[in-house]
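Heads up, the thing below is written out as structure tokens.
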Amino acid sequence: MEHSGKQQMKILVVGQGGREHALVWKLAQCEGVEKVFCAPGNAGTDIDGENVNIASDDIGRLMSFAKHNEIDLTVVGPEAPLVLGIVDEFKAQGLKIFGPSKAAAQLEGSKAFSKNLMKKAGVPTAAFDTFTRLEEAEVYIDNLMEDGVVVKADGLAAGKGVHVCSTKEEAKAAAASMLTNDAYGAAGRKIIVEECLEGEEVSILAIVDGDTIIPLDTSQDHKRALDNDEGPNTGGMGAYSPATSVDAETMDTIIRDILVPTIHTMKVEGTPFSGVLYAGLMLTRQGPRVLEYNVRFGDPEAQPVLMRLDSDLAQILSLAASGRLDELEELKWDPRPAVCVVMASAGYPGSYEKGRVIDGLEDAGQLADSKVFHAGTVAKDMQVLNAGGRVLGVTAMGESIPDAKQRAYTAVSKITWDGAWNRTDISDKA
Ligand code: AMP
Ligand code: GLY
């Protein structure tokens, strides 16, 4: 076992959102973990672990912190430091770190790289082409059979670079905004135009060490701001696990036709993938199709998924970082479903208000089988203030999805701040 050599591990989690609080909380409970740091963290990660005041993309300072504090394992939450190459830099210094290399992080960092990899691997995805010239994109859009077209900026655009268009005119305008009006800066100077898929969306996360693939239980995000999937896209307003729309047969298809060829092709191409492979899928009538790959845990999917994980997360991530996932025993899951409801600041996903005092966290924290994960929060003068758009991920387990939902919303009802809001229908799709 990975732990037998050294009993007391020190772990550094990089990031500051709800996903990172869930990671800190879970890792701190693992046997053999002495201490979990979080850089820069939020008010919640400083309770379950200890915050370190270093930004998540300040790779140099993160490395010297890891060295001076004898960190045994660094776990990277968000995509930005991965795409910048944090894993390569840590490894070059002999520091153990969980996540993909800079080259492998292109699966999320460049949608063109990702789509071309899927094409090479024969992974089912929407028909597409990539463009840097507007005239060529317009001709392609004109020649499409259907009116529904999706236009995507190639690079990272904080989740905003995807336009799902219902007419060709709209699609051409989206392409022009990216290619000629620089709507997303350098990230949008190359674009992907692809067919619009219909179906139910699910998130499949797998832990990978370059070779071995360990799928986690399924989950479903709720990307739109308002109930019934209306309103603008957000980072995710809630999630539940497991996703009832994925049965055992569909999961087998996803592993065989999507995860295995992707990881195999990454290896063959000389960019082996290690870390979390997050496949955002559309379950279409023709079968599962990949909408996008991310190279990290989903936020808020990590909150309900990690709450249900009964295996030792520190051991899993440590073995993955060492290329030894084949030694891992089968994962154990709490059979009870979990539901996470995101509470957001007034104005989110647009510009939002910060600095309001959050009340009721203690009351909510006393409820059984539930946990209030912090996302955009800071502690100040013994109070907790909102400091981001998505503020809390209130998560609960229950005997059934409706029971878990009810427990999560009971906890939500205890918490207030000026302008707080949330969707009221998380998990109803199940
Ligand atoms: P992405 O960042 O690529 O996951 O896209 C963000 C969201 O846009 C997805 O979660 C889907 O809801 C939607 N989307 C992306 N690609 C497509 C597609 N080809 N067809 C329909 N919806 C899509
Ligand atoms: N919940 C969507 C994401 O993490 O990208």
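Whatever order the structure lists them in is the order used to number ligands and atoms, beginning at 1.
Remark: distances from the non-hydrogen atoms of Gly236 to ligand 2 are all 4.0 Å or more. Heavy atoms of Gly280 come nearer than 4.0 angstrom to ligand 1 in no pair at all. The closest approach between any non-hydrogen atom of Glu195 and ligand 1 is below 4.0 Å.
There is no side-chain donor-acceptor pair under 3.5 Å between Asp217 and Ser241. Side-chain atoms of Thr125 and Lys115 include a donor-acceptor pair closer than 3.5 Å. In this structure, a donor-acceptor pair under 3.5 Å is absent between the side chains of Glu200 and Ser245.
The ligand atoms of ligand 1 that sit less than 4.0 angstrom from a heavy atom of Glu194 are 16 (N), 17 (C), 18 (C), 19 (N). With ligand atoms numbered from 1 in the order given, ligand 1 contributes 10 (O) to contacts under 4.0 Å with heavy atoms of Lys223.
Taking the six-membered ring for Trp and thresholds of 30 and 60 degrees, Phe98 and Phe297 have ring planes inclined between 30 and 60 degrees apart.
The heavy atom nearest to atom 14 (N) of ligand 1, out of those in Val164, Leu281, Asn294, is found in Val164. Looking at Arg296, Glu292, Glu301, it is Arg296 that brings a heavy atom closest to atom 5 (O) of ligand 2.
Between Lys405 and Asp428 there is a salt bridge, with a side-chain nitrogen of the basic residue lying less than 4.0 Å from a carboxylate oxygen of the acidic one.
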